Engineer: 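Provided herewith is a single structure, encoded as structure tokens, for subsequent inquiry.
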There are 2 protein chains.
Amino acid sequence: MRPSGRAGREAPPLSRDRIVEEALALLDEEGAGRLTMRRLAERLGTGSTTLYWHVKTKDDVLDLALDAIFADVRIPRGSGQGWRADITALIDGWRAVLLKHPWSSALLGRPMLGPNVLARSEFLYATLLEAGVGEPHLTAAAFGLSNYVIGSALMQATWLTSAEQAVRQAAQEHMRANRDRYPALAAHGPLAAGDDWDTGFALGLTWLLDGIEANARH
Amino acid sequence: MRPSGRAGREAPPLSRDRIVEEALALLDEEGAGRLTMRRLAERLGTGSTTLYWHVKTKDDVLDLALDAIFADVRIPRGSGQGWRADITALIDGWRAVLLKHPWSSALLGRPMLGPNVLARSEFLYATLLEAGVGEPHLTAAAFGLSNYVIGSALMQATWLTSAEQAVRQAAQEHMRANRDRYPALAAHGPLAAGDDWDTGFALGLTWLLDGIEANARH
DNA sequence: CCAGTGACCGGATCAATGATCTGGTGCTCG
DNA sequence: CGAGCACCAGATCATTGATCCGGTCACTGG
């Protein structure tokens, strides 16, 4: 016990897991832009350069943090609810996690190869296979669903986080000023529509699933 | 003519447009990660600080560059082909532009409020309205289509650009090593499937359009 | 013709950041 | 007890976005 390195440090010894854990807290509190190795080290009560003993680069920290949040997405394995319900639950959970950690959307442009992500992708493919979806619809379905969630979360997070920075207000005024140039957009666009992202997302998901179902054997 | 500022400079005087133009060239050649104000200035044959007279911040340059590429997306206004063909053409053009400039995918996390993007969004909304799509399907349709393209382009660009950096190889080996843990993924995943992104994208788009059509009045 | 105004340019400079080099410090095993 | 190892951190470097302040030209009013 207490394998502390220095004289009487109270915190557990630095570890990869502790770094990721603190990185997650920092990201949730201040966003991706403010994650610095120095700041992270400070929060951990350690020197900034020490982190590099446990982690190769800063990108490593980001990759690990990104994969970590997907541990919260429950995999509805063997729920007995049918493949449609299972996939809906998976996708909804996926989306919820992305929206719960808005900084994650900014990181979606990197390859997601962590164990949590892979496990959930595996479930998606397996469920579709079991439902009788074959190529080329299988690839289209898996990609379509993934891409749809990713795009939706990215756009919603972008919109919501920039809302506080008065970007939204500027956009609204710009919209009103050029109302004649963008009539449909001004009347029905994201600014006119409320903040009901959920039903819109659910509708699109239904359409995708309908299309998939039409090409499944069961 | 020749309103050159200094003694006999051959290039036209620096302007916002020239900056954006050169930024686009730099981005296309070297990617988003290597766009630096200094490098950009060097290519323009000017001092790095001079750029800040024409542009407020680096983000301005990125926003302008991102909107600029969408000028190449043809708006099929009044094509007489029907709304489905028009929207398909718009979405396909949107996707083509994103894939032609892979760096753009990394910038999709910022609000896109440039004139080119707004004009094309306006066309999307207007076309859907004309097709008889009303709320809440209108918002769902517009968002669904946009998010689907964005997510697809993001994922494909991520995958393709990281392919050269041997990330793909590492992923493939990781996949083979854990083949038992990810059976469906290993057999049918993006690594197993070829590089035929197009048909998968087209299929998903069809499903979305089918769903939209089922909720339109015409 | 000439002083002055303002658009435009850039060298020096600052603070922040990712990453490395190098030298510790204390625990543990033989 | 002492040698090796896991772990830590100060000093340091290069890069980058951004600002300060002083320059340089074209043009204009008198």
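These numbers come from a predicted model, not from an experiment. Note that these values count all heavy atoms, side chains included, but never hydrogens, waters or copies made by symmetry. Labels below follow one simple rule: chain letters A, B, ... track the order of the sequence lines, proteins then strands, and each chain is numbered from 1.
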Engineer: Are B:Arg77 and B:Asp86 close enough for a salt bridge, meaning some N to O gap below 4.0 Å?
Structural biologist: no
Engineer: Could you tell me the separation between the CD atom of B:Glu42 and the P atom of D:dG17, rounded to a whole number of Å?
Structural biologist: 13 Å
Engineer: Nearest-Å distance, CG (B:Leu44) to C1' (C:dC8)?
Structural biologist: 15 Å
Engineer: Check the interface with nucleotides 13-16 of chain D: list each N/O to N/O pair with the protein under 3.5 Å, or write none.
Structural biologist:
residue	atom	partner	partner atom	Å
D:dT16	OP1	B:Thr36	OG1	3.3

Engineer: Rounded to whole angstrom units, what separation is found between the CD atom of A:Glu30 and the P atom of C:dT17?
Structural biologist: 11 Å
Engineer: Indicate yes or no for a side-chain donor-acceptor contact from B:Ser146 to the backbone of B:Ala142 under 3.5 Å, with no hydrogens or angles considered.
Structural biologist: yes
Engineer: In whole angstrom, give the distance that lies between atom CZ of B:Arg16 and atom C1' of C:dC9.
Structural biologist: 17 Å
Engineer: Walk me through whether A:Arg39 and A:Glu30 qualify under salt bridge (Lys or Arg N to Asp or Glu O under 4.0 Å).
Structural biologist: CA-CA 11 Å; A:Arg39 290 169 69 84; A:Glu30 312 198 29; 2.5 Å; yes
Engineer: Does D:dC8 have its OP1 or OP2 closer than 4.0 Å to a side-chain nitrogen or oxygen of A:His54?
Structural biologist: yes
Engineer: I need the CH2-P distance between B:Trp53 and D:dT19, as an integer number of Å.
Structural biologist: 15 Å
Engineer: What nucleic acid atoms does A:Ser48 come within less than 4.0 Å of, heavy atoms only: base, sugar-phosphate, or nothing?
Structural biologist: nothing
Engineer: Is it the case that A:Arg95 places NZ or CZ above or below the six-membered ring of A:Phe201, under 6.0 angstrom from the centre and within 45 degrees of the axis?
Structural biologist: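 Yes, a cation-pi geometry.
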Engineer: Tell me: NZ of A:Lys56 to P of C:dG18, nearest whole Å?
Structural biologist: 16 Å
Engineer: Would you please name every residue forming a salt bridge (Lys or Arg N to Asp or Glu O under 4.0 Å) with A:Asp67, sequence neighbours left out?
Structural biologist: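 None.
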Engineer: Using a cut-off of under 3.5 Å, enumerate the N/O to N/O pairs linking the protein to nucleotides 20-23 of chain D.
Structural biologist:
none

Engineer: Do the side chains of A:Glu21 and A:Arg43 get close enough for a salt bridge, i.e. N-O under 4.0 angstrom?
Structural biologist: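 Salt bridge: no.
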Engineer: Counting N and O atoms only, with roles assigned by atom type, does the side chain of B:Ser104 sit under 3.5 Å from a partner on the main chain of B:Leu98, one being a donor and the other an acceptor?
Structural biologist: yes
Engineer: Expressed in angstrom and rounded to an integer, what is the separation of A:Tyr52 atom OH from C:dT22 atom C1'?
Structural biologist: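 To the nearest whole Å, that distance equals 17 Å.
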Engineer: Give a yes/no on whether any side-chain N or O of A:Thr50 is located under 4.0 angstrom from OP1 or OP2 of D:dA9.
Structural biologist: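 Yes, A:Thr50 has a side-chain N/O under 4.0 Å of OP1/OP2 on D:dA9.
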Engineer: Quick one, B:Leu14 and B:Thr50 - any side-chain contact, counting heavy atoms below 4.5 Å?
Structural biologist: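 They are in side-chain contact.
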Engineer: Of all the choices, D:dG17, D:dC8, C:dC9, which nucleotide is nearest to the side chain of B:Thr46 once you look at every atom?
Structural biologist: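 In terms of side-chain proximity for B:Thr46, the closest of D:dG17, D:dC8, C:dC9 is C:dC9.
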Engineer: Any salt bridge linking A:Asp28 with A:Lys100? Criterion: basic side-chain nitrogen under 4.0 Å from a carboxylate oxygen.
Structural biologist: no
